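Presented below is the structure to which this report refers.
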Amino acid sequence: MTPVTIDPALVEAMIMEMGAIGAHSGTGVWRTVYSPEWVAANDLFARWAAEAGLSVSRDAVGNVWGKLEGSQGGPSIVSGSHIDTQCPGGRYDGTLGALSALIALRALKAQYGQPKRTLEAVSLCEEEGSRFPTANFWGSRAITGAIQQGDADNTHDFEGMSIANAMRAVGLDPSRIATAQRDDIESFVELHIEQGPILEHADLPVAIVDAITGLRHYRVTLRGEQNHAGAFPMDLRRDPMAGFLEIGSGVINTAHRLGRPAVTTIGRVEVNPNGAAVVPREIRFTIDVRHPHPAKGEELYRLHEQLMLEVAARRGLEIEWDIGTEKAPCLSDPGLVATFRQAAADQGVPTLTMASGAGHDTQQMAKIAKTVMIFVRSEKGRSHTPEEFSTIADIVAGIQVLAAGLYKLAY
């Protein structure tokens with residue numbers, strides 16, 4: 001195929017116009033699901049899809065679809081991402097993937113006409129959980145049939161409003177959520193900013209994502225014996241702080257020794273009592289463990305748990321933990337990875353292949369379709385912040401790869 005022509009001026013204009021809806025903190029955006037800003041953003045997406053010659057529809061949860069009908073019918077090839085943001089987030093996280101899908105389909109239709117296979121661009125709702133923290137990929141879960149009866153009434157925002165009532169407020173009927181389910185999607189391709197520094201360090205504009213990380217989130221409690229910091233000898237102490245420090249250092253060093261892409265993070269610690277001259281009674285802390293490869297992830301979990309049990313036993317401490325969140329790794333379809341790597345080569349766009357350390361709607365869509373992701377370089381690896389930024393040149397390169405891959409799949 002000839003190179004796909006993507007107009008940089010159009011790309012920049014669309015990013016800036018969409019970013020103005022919910023503009024916040026200078027370069028940031030505050031656009032939560034079912035808010036007036038979210039409604040306006042989706043209205044704009046729908047208008048642009050119609051102007052591109054796509055047929056536009058909205059499903060029961062508010063996902064917006066733009067369809068380019070294929071001459072041979074069959075299951076759809078879909079691309080898109082979410083249009084809601086963090087509070088505040090930036091102009092690119094999620095939104096760039098939705099706009100890129102729209103721009104790619106517009107370019108393909110203009111340059112190559114009707115495809116053989118149906119192509120769709122989608123603006124998904126509530127990926128971030130920034131308004132409804134337990135919604136967990138509400139839009140893509142609806143598409144995959146993963147929203148259960150009663151979920152809409154039992155999912156609340158920080159002010160106590162249910163997502164069911166928030167839907168009603170924008171004209172959506174929560175009793176129809178099940179109608180959003182799709183069983184006619186063959187492949188789902190999500191373009192997204194990287195959210196990390198790997199592409200920048202490699203000085204490359206685009207990556208093809210071969211896996212999305214699995215994760216396990218531990219909530220750990222270590223109990224010992226509260227005593228005086230000066231009068232109680234070291235060798236007689238049952239000190240949970242000492243145990244925590246050893247465990248914390250140990251699990252982080254284990255991930256560091258295993259090397260990329262293994263990561264382990266301790267993000268929260270509570271000490272009881274939290275006094276300067278007291279051996280504490282109890283330490284509660286979290287451990288966030290991630291790896292994109294199933295066997296290596298299980299090995300990382302095993303090493304961490306083994307260390308926690310050994311340290312607690314040696315120091316005479318009681319230990320218990322529960323797992324608050326667990327997600328299996330999501331492996332990209334090897335055929336799609338190969339297709340988009342070749343598409344990048346055909347367009348003259350240099351790439352690397354890497355795993356995603358963050359979660360995405362793609363993980364949900366993988367339940368019903370073959371999936372792959374495309375990453376675009378993000379300056380300094382920043383995301384979930386008004387400071388996130390990707391250059392138009394890198395974005396255009398990403399959209400070229402997306403469009404060329406969709407061409408291979410659909411034309």
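Remember, it's a predicted structure, so these values are computed and weren't measured experimentally.
- Checked for salt-bridge contact, Glu37 and Arg131 miss the test: no charged N lies under 4.0 Å from a carboxylate O.
- A donor and an acceptor atom, one from each side chain of Ser81 and Glu190, are located under 3.5 Å apart.
- For His293, the ring pair (Phe, Tyr, Trp, His ring centres under 6.0 Å) partners are His291, not counting sequence neighbours.
- Checked for salt-bridge contact, Asp151 and Arg141 meet the test: a charged N lies under 4.0 Å from a carboxylate O.
- Applying the side chain to side chain donor-acceptor pair (under 3.5 Å) test to Tyr218 and every residue at least two apart in sequence or in another chain returns Arg216, Glu305.
- Scanning both residues, Glu225 and Phe232, for their nearest heavy atoms gives OE1-CZ, 4.0 Å.
- Judged purely by atom type and a 3.5 angstrom limit, Ser79 uses its side chain to pair as donor or acceptor with the backbone of Val189.
- Electrostatic pairing of Arg58 and Asp43 counts as a salt bridge here, judged by a charged N lying under 4.0 Å from a carboxylate O.
- Looking at Thr155, its side chain never comes within 3.5 Å of a backbone N or O of Ile163 through a donor-acceptor pair.
- Glu200 CD to Lys380 NZ: the interatomic distance, rounded to the nearest 0.5 Å, is 8.0 Å.
- To the nearest 0.5 Å, atoms CD1 (Ile287) and OH (Tyr301) are separated by 12.0 Å.
- With respect to Arg182 and Asp59, no salt bridge is recorded, no charged nitrogen being found less than 4.0 Å from a carboxylate O.
- A side-chain contact (heavy atoms from CB on, under 4.5 Å) with Glu310 holds for exactly one of Gln306, Arg314, Met308; it is Arg314.
- The aromatic rings of Tyr407 and Tyr411 lie parallel to each other, their planes meeting at an angle below 30°, with 60° marking the opposite boundary.
- A distance-only check finds a donor-acceptor pair linking the side chain of Gln111 to the backbone of Thr5 [under 3.5 Å].
- Aromatic ring pairs are classed by plane angle as parallel below 30°, tilted from 30° to 60° and perpendicular above 60°; the pair Tyr92 and Phe389 is perpendicular.
- Residues Asn42 and Ser123 have side chains that bring a donor and an acceptor to within less than 3.5 angstrom of each other.
- For the atom pair Ile283 CD1 and Arg223 CZ, the distance stands at 11.5 Å (nearest 0.5 Å).
- For the pair Arg377/Leu204, no side-chain contact is recorded, criterion being any heavy-atom separation below 4.5 Å from C-beta on.
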